[in-house]
Amino acid sequence: MDACPGALQVHRAADGGVARIRLPGGRLTAGQLRTVLDAAAGLGDGSVELTSRANLQIRGLAEGAETELGARLAGAGLLPSATHERVRNIIATPLTGRAAGGLADVRELVRELDEALCARPALAGLPGRFLFTVDDGRSDVAWLDADVAALFVTPDTAAILLGGADVGLRTSDVVATALACAEAFLTLRDDHWRVAELDDGPLRIAEHLGADLVPGPLVSTQPPTNLSPLGLVDQLDGRVAVGAAVPLGWLDQRQGAALVAAGTALVITPWRGVVVTDMPLTSVDAVLAGLSGAGLLLDPREPGVGITACTGRPGCVKALADVRADAATMLALGPAAALPVHWSGCARRCGRPRGRVLDVVATEDGYLVGAEDRALPGDLAAELAAMRRNPT
Ligand code: SF4
């Protein structure tokens, strides 16, 4: 059974229902964020989680609260399809079309992909974990564990990577090709959840499409980016954007209100950050002060940037520790590690970012720090080794 949560099919966790709200391309308006914040306050525990797929989660929902939540989200335009809501998994380059670095502006393409996905009844049968990414050519999201990734290699042509592999599939019609790949996966799968689980999946899908494959050069794997855009970003149109990291990926009501007040067009990133876009230069000082004053992180050197954590206790029954509380304690103790750190309440490591990450994993005997712990300042490593949480 596919237990991946959605906004209507919630997951029952130890702290209540968990609803996941898909945001194709990470995009939402300030008004839509207001709706989510109000729903979190009125129906859940008040906080809003940012996921590694640039979606939002509300926790602590009472039994049956998903009906009211669904109505609120639909009213705000955040639930365009009840049948396809769990398969609208589309990550896109957060700064596409706004800041230099890409080969194409994929904003409209993401909207078309989402609409076309929801218009095909069979694709409601995709697993809730099945992921599309659309990368405008700067290689920031193509490698985020996508089943179907479109990576622009010229302004008009995208390489379609399947399960992270480039088998030479190229297209000028990303929507049609990406959805054809998803349909081929549904035909070829047995009990598989992801393209990478299918034996020779990438090649079999390309063959199923009858596509002409380019002999090369193929796109090589890149290390994923692990940080959201932070601070001031110059837009191509003369306006500016401001990127902020959300501490531990949990947005509280005060932080959310600061984002709502800052702008109208927001982009959630897959690195637990938010970009406030399309601002005139004259309003930037006030926005920076508002976001920083609410506790959002705007400078890559700030402790907390690059630190993520799973749900842990008390929300997850498998958790051996309250990892968010412990991570917050460690943050208060000193400088950040030299690479992203992910805290997990057990060995499953949910929500772990892709790429090089320092793992801090709760065990029955305290925390186990990953093999790359040389990057952790000595004092912090000692504190961490001493930290204990009783299993129950
Ligand atoms: S890593 Fe373990 S403790 Fe954390 S959310 Fe996943 S299952 Fe729960």
Side-chain angles (χ1 to χ4, degrees), residues 1-7 9-22 40 44-61 86 89 127-131 144-145 193-194 196-197 224 226 245-252 268 270-273 304 306-331 337 339-373 376 384-385 387-392:
M1 155 149 185
D2 187 353
C4 206
Q9 181 184 305
V10 304
H11 166 69
R12 302 312 308 177
D15 57 348
V18 179
R20 185 171 300 163
I21 304 156
R22 264 71 174 186
D45 66 8
S47 64
V48 175
E49 286 178 90
L50 278 65
T51 76
S52 61
R53 291 177 162 202
N55 294 318
L56 297 178
Q57 273 183 184
I58 296 176
R59 306 188 67 89
L61 293 164
R86 294 186 316 123
N89 297 307
R129 281 178 253 168
F130 195 92
L131 176 66
L144 293 178
D145 197 25
W193 300 105
R194 309 293 309 271
E197 296 170 6
N226 261 322
V246 177
L248 298 176
W250 291 64
L251 191 70
D252 65 27
I268 307 296
W271 309 285
R272 273 92 169 189
I307 314 290
T308 52
C310 78
T311 301
R313 284 186 178 173
C316 179
V317 290
K318 295 189 173 66
L320 298 169
D322 184 346
V323 284
R324 285 191 294 139
D326 288 343
T329 302
M330 293 303 292
L331 285 180
L339 75 168
V341 179
H342 185 66
W343 290 67
S344 304
C346 77
R348 290 183 66 171
R349 305 177 194 199
C350 299
R352 183 186 192 274
R354 298 279 293 168
R356 281 193 76 219
V357 173
L358 175 66
D359 280 303
V360 181
V361 182
T363 71
E364 301 278 354
D365 302 315
Y367 283 103
L368 190 66
V369 181
E372 295 169 306
D373 59 350
L376 197 68
L384 197 55
M387 194 175 271
R388 291 288 185 272
R389 282 291 181 276
N390 293 325
T392 51

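Just follow the structure's listing: the first ligand is 1, and inside any ligand the first atom is 1.
Under 2.8 Å from atom 8 (Fe) of ligand 1, one finds the following protein N/O/S atoms: C316 SG.
For D365 and T363, the side-chain atoms include no donor-acceptor pair closer than 3.5 Å.
In terms of the side chain to side chain donor-acceptor pair (under 3.5 Å) criterion, R272 has no residue partners (sequence neighbours excluded). In this structure N55 satisfies the side chain to side chain donor-acceptor pair (under 3.5 Å) test with no other residue, sequence neighbours excluded. Looking at residues two or more places apart in sequence or on another chain, you find a side-chain contact (heavy atoms from CB on, under 4.5 Å) between R12 and V10, E63, E66.
Here the closest heavy-atom approach between residue A14 and residue P314 is recorded as CB-O, 3.4 Å.
Within the 4.5 Å cutoff, no side-chain heavy atoms of V357 are placed close to those of R349.
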